[in-house]
S.K.: 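Dropping a structure here in structure tokens format, bear with me for questions.
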Amino acid sequence: MLSKQHSLKYRVTGYLSNMKLQVKAGDITEQEVDAIVVNVFEGVSQPEGATKSVNTAIKDIITSLIETGEVRGKSGELTLIHTQNSIKPKRVLVAGLGPKEKFNQDSIRSISGGIVRFLNAKKIKTYSTVLHGGGEGGIKTAVAARSIAEGTILGAYKFSEHKSKKQKQYIEQVTVVEMDNSKVNDIKRGIDEGVSIASSVSLARDMVNQPANYMTPSDLVDIATDICDGTDVELEVFDESRMQQLKMGALLGVAKGSVVPPKMIIMKYLGDAKNPDNNIGLIGKGITFDSGGISIKPSGGMAAMKGDMAGAASVISSMKAITELKPKINVTAIAAATENMPGGNAQKPGDVVVAMDGTTIEVDNTDAEGRLVLSDAVSYGVQLGLKRIVDVATLTGAIEIALGKVTTGAFSNNPELVSQVIDAGTQAGEKIWELPTFDEYRELYKSDVADLKNVGGRQAGSITGAMFIGEFAKDVAWVHLDIASTSTSPKTSGMITRGATGIPVRTLIYLVLALSKG
Ligand code: BES
Ligand code: MN
Ligand code: ZN
């Protein structure tokens with residue numbers, strides 16, 4: 001169960017808690033900080049802007065390192081220079097930005113992530129940075145500042161809640177220093193937005209990293225409650241008996257095998273109450289542990305199935321930033337939360353369940369439980385009058401075969417909505433690629449004994465899983481994101497840290513912001 005000692009608001013245990021991000025107008029060489037951060041593009045021999053003035057102040061060390069080839073400006077390259085009292089800050093960190101043609105807001109995020117970890121390893125407490133991308137990079141001031149905030153917070157993220165000896169976080173303060181006074185307000189706005197977005201992502205990472213005995217359906221309810229407290233967001237939680245009244249037979253069939261009670265969590269944000277149809281639903285798979293049920297999974301790697309609630313984590317935690325950023329659109333998050341366990345009362349392969357909309361489903365494999373819980377969650381969303389639905393799920397192992405761990409799979413019945421989702425992903429630095437949902441695939445999940453069966457066989461596993469969910473969206477614009485391979489990462493790099501990635505929280509937030517602007 002949830003230990004109340006960390007009912008820390010939003011339970012963000014990443015480094016965020018004691019790291020302060022701010023903006024200051026002034027000359028970066030005159031800051032009272034442990035280090036300052038400047039940058040160079042790949043292949044540039046004469047740096048411009050703030051880097052140029054720092055170079056002059058430290059007697060051309062940067063240009064001479066460029067001459068000898070020690071500083072090349074490669075993306076991710078970090079060179080630490082000790083200033084020997086030539087300027088106030090004791091150290092200058094030169095960060096490579098990579099080639100100018102490839103530079104975008106996501107480069108800023110990953111560079112910022114690398115920087116914060118590098119300086120933390122040097123036990124540095126305070127540093128100031130130039131606004132990467134603000135000058136030559138040609139990125140809008142607020143966007144550049146937002147990307148620095150996102151990359152810094154997320155790059156510093158660590159999940160150490162269950163470690164007796166916590167790894168120390170040294171960094172206390174990060175300041176963006178800007179010469180041009182007129183840019184300060186935009187930088188501040190960007191940082192605030194970035195902090196908000198990054199805390200949502202950190203929260204999602206925490207939820208996914210948390211073991212299943214700390215992250216049950218009720219724990220998801222506690223977190224949703226925490227987010228809604230003190231805001232106008234309306235929270236509704238359905239328990240088992242309410243689900244029975246609503247005839248959510250597909251979800252209940254999965255829940256039967258576990259002694260832990262299932263929950264359906266509904267969070268409603270009304271940013272455009274006068275136009276109820278200006279809405280979007282974010283629906284997440286919340287399997288807090290997926291053993292496979294009676295179609296039990298092999299034990300090797302089963303522990304990773306604590307993360308099978310990453311879809312629910314992403315829709316719930318996105319609501320945190322949405323309530324803070326207040327876009328003019330109505331957003332409903334729905335999380336379908338239960339364990340999938342074997343047991344004396346568990347559903348069996350071959351069982352037939354009746355979904356909320358009356359569709360009968362043959363449960364051919366109890367390990368294809370995500371589409372079952374989502375069918376009822378999507379039906380409920382349609383009944384609520386949602387005009388657009390994005391569902392997020394760690395749905396299929398097959399998506400890793402198709403797209404690897406680089407790209408999230410998208411599936412849709414609506415070209416406009418899916419392109420809006422993919423565009424939001426591009427902005428967010430979360431890669432998404434669309435796979436087809438041609439009618440011919442429907443044959444694969446037709447059942448001999450019921451309307452549908454929950455598995456489609458060996459072929460096109462991610463597509464049939466997605467299309468099964470799509471059946472319940474009816475004619476509502478719908479996109480499904482399969483994050484089974486992207487919700488976790490085996491390695492730390494840039495703004496991504498080992499373990500949960502928090503994908504696709506940023507995409508969802510950017511999508512909602514973009515849709516709210518018409
Ligand atoms: N939760 C799994 C999918 C998964 C696999 C997530 C690997 C994260 C990493 C899902 O419920 C599942 O078991 N899917 C089955 C479907 C099959 C039985 C049709 C799968 O992918 O094997
Ligand atoms: Mn499963
Ligand atoms: Zn699952």
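Remember, it's 1-based here, ligands and their atoms both numbered in the order they're listed. Small disclaimer: the values here were computed from a predicted structure and weren't measured.
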S.K.: Do the charged groups of R109 and D106 touch, with an N to O distance under 4.0 Å?
M.R.: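 Yes, this pair counts.
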S.K.: Measure M309 to ligand 1 on non-hydrogen atoms and call it side chain, backbone, both or neither using the 4.0 Å cut-off.
M.R.: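 No part of M309 comes within reach of ligand 1.
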S.K.: Report the C-alpha distance between F468 and F472 in whole Å, list the side-chain angles of each, state the deciding distance to 0.1 Å, and finish with yes or no for ring pair (Phe, Tyr, Trp, His ring centres under 6.0 Å).
M.R.: CA-CA 8 Å; F468 183 98; F472 298 85; 5.6 Å; yes
S.K.: Which of the atoms in ligand 1, numbered in the order shown and given with their element, are less than 4.0 Å from a heavy-atom of M305?
M.R.: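 Result: 1 (N), 4 (C), 5 (C), 6 (C), 7 (C), 8 (C), 9 (C).
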S.K.: Out of E400, R371, E369, who gets a non-hydrogen atom closest to atom 16 (C) of ligand 1?
M.R.: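 Result: the heavy atom closest to atom 16 (C) of ligand 1 is in R371.
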S.K.: Which heavy atom in E400 sits nearest to a heavy atom in S485, and how many Å separate them?
M.R.: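 Closest approach of E400 to S485, heavy atoms only: CB-CB, 3.6 Å.
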S.K.: Any atoms of ligand 1 less than 4.0 Å from a non-hydrogen atom of K285? List them with their elements.
M.R.: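 Numbered from 1, ligand 1 contributes 1 (N), 10 (C), 11 (O).
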S.K.: Measure the spacing between CG of L251 and CE of M243 and express it to the nearest 0.5 Å.
M.R.: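 It comes to 5.5 Å.
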S.K.: Looking only at N, O or S atoms in D290, which is nearest to the Zn ion (ligand 3)?
M.R.: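 Closest to the Zn ion (ligand 3) among those atoms: OD2.
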S.K.: Is the H480 ring parallel, tilted or perpendicular to the F411 ring (thresholds 30°, 60°)?
M.R.: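 Tilted: the ring planes of H480 and F411 meet at 30° to 60°.
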S.K.: Please tell me whether Y157 and D206 have a donor and an acceptor in their side chains that are separated by less than 3.5 angstrom.
M.R.: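 Short answer, yes.
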S.K.: Report the atom name of the nearest N/O/S atom of E369 relative to the Zn ion (ligand 3).
M.R.: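 E369's closest N, O or S atom to the Zn ion (ligand 3) is named OE2.
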S.K.: Within this structure, what is the CD1-CZ distance for the pair I111 and F103, rounded to the nearest 0.5 Å?
M.R.: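 Between I111 CD1 and F103 CZ, I get 5.5 Å after rounding to 0.5 Å.
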S.K.: Report yes if some N/O of D308 lies less than 3.5 Å from some N/O of ligand 1; otherwise report no.
M.R.: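 Yes - when backbone and side-chain N and O of D308 are compared with those of ligand 1, one distance drops under 3.5 Å.
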S.K.: Less than 3.5 Å apart, any donor N or O on the side chain of N365 or S295 sitting next to an acceptor on the other?
M.R.: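 Yes, S295 and N365 have a side-chain donor paired with an acceptor closer than 3.5 Å.
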S.K.: Give the atom name of whichever N/O/S atom in D290 sits closest to the Mn ion (ligand 2).
M.R.: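 It is OD2 of D290.
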S.K.: Could you tell me whether V455 approaches ligand 1 through its side chain, its backbone, both or neither, with non-hydrogen atoms closer than 4.0 Å?
M.R.: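 Under 4.0 Å from ligand 1, V455 contributes side-chain atoms alone.
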S.K.: Check I287 against ligand 1 and report side chain, backbone, both or neither, counting heavy atoms closer than 4.0 Å.
M.R.: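 Within the 4.0 Å criterion, I287 makes no contact with ligand 1.
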S.K.: Nearest protein heavy-atom contact for atom 10 (C) of ligand 1: which residue, which atom, what distance?
M.R.: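 Of the protein heavy atoms, L395 O, 3.3 Å lies nearest.
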S.K.: S317 and I227: which non-hydrogen atoms are nearest, and at how many Å?
M.R.: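 Where S317 meets I227 most closely, the heavy atoms are CA-CD1, 4.2 Å.
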S.K.: Under 4.0 Å from atom 13 (O) of ligand 1, can you find at least one protein heavy atom?
M.R.: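 Given the 4.0 Å limit, the answer for atom 13 (O) of ligand 1 is yes, a protein heavy atom qualifies.
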S.K.: Consider every N or O of N365 and every N or O of ligand 1, then say whether any pair is closer than 3.5 Å.
M.R.: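 No; every N/O pair is 3.5 Å or more apart.
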S.K.: Considering distance alone, does some N or O of G397 sit under 3.5 Å from an N or O of ligand 1?
M.R.: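 Among all N and O atoms of G397, at least one is under 3.5 Å from an N or O of ligand 1.
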S.K.: Using a distance threshold of 2.8 Å, state whether an N, O or S atom of K285 lies below it from the Zn ion (ligand 3).
M.R.: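 Checking the Zn ion (ligand 3) against K285, an N, O or S atom does fall under 2.8 Å.
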S.K.: Short list, please: which atoms of ligand 1 are under 4.0 Å from a heavy atom of A484?
M.R.: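 Result: 6 (C), 8 (C), 9 (C).
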S.K.: For T338 and V254, which heavy atoms make the closest approach, and how far apart are they?
M.R.: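 Between these two residues, the closest heavy atoms are CG2-CG1, 4.0 Å.
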S.K.: I'd like to know: is the Zn ion (ligand 3) within the 2.8 Å range of an N/O/S atom from D367, strictly under that distance?
M.R.: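 Checking the Zn ion (ligand 3) against D367, no N, O or S atom falls under 2.8 Å.
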S.K.: Restricting to N, O or S, what is the name of the atom of D308 that lies nearest the Zn ion (ligand 3)?
M.R.: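 Restricting D308 to its N, O and S atoms, the minimum distance to the Zn ion (ligand 3) goes to OD2.
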S.K.: To the nearest 10 degrees, how large is the angle at the Mn ion (ligand 2) between D367 OD1 and E369 OE1?
M.R.: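 With the Mn ion (ligand 2) as the vertex, OD1 (D367) and OE1 (E369) sit 120° apart.
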S.K.: Would one find an N, O or S atom of D308, in either backbone or side chain, under 2.8 Å from the Mn ion (ligand 2)?
M.R.: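 Not a single backbone or side-chain N, O or S atom of D308 is under 2.8 Å from the Mn ion (ligand 2).
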S.K.: Tell me which one of D308, D376, D391 satisfies salt bridge (Lys or Arg N to Asp or Glu O under 4.0 Å) with K285.
M.R.: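 So the option named by the test is D308.
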S.K.: Does the side chain to side chain donor-acceptor pair (under 3.5 Å) test come out yes or no for D239 and S241, once each step is laid out?
M.R.: CA-CA 6 Å; D239 61 8; S241 63; 3.2 Å; yes
S.K.: I need the R458 CZ to L444 CG distance, nearest 0.5 Å.
M.R.: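 Here the rounded value is 11.5 Å.
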S.K.: Using distance alone, decide if ligand 1 has a nitrogen or oxygen within less than 3.5 Å of any nitrogen or oxygen in D290.
M.R.: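 Yes; the residue has a nitrogen or oxygen that sits under 3.5 Å from a nitrogen or oxygen of the ligand.
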S.K.: Can you tell me the protein heavy atom closest to atom 15 (C) of ligand 1 and the distance?
M.R.: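 In this structure, atom 15 (C) of ligand 1 has D367 O, 4.0 Å as its nearest protein heavy atom.
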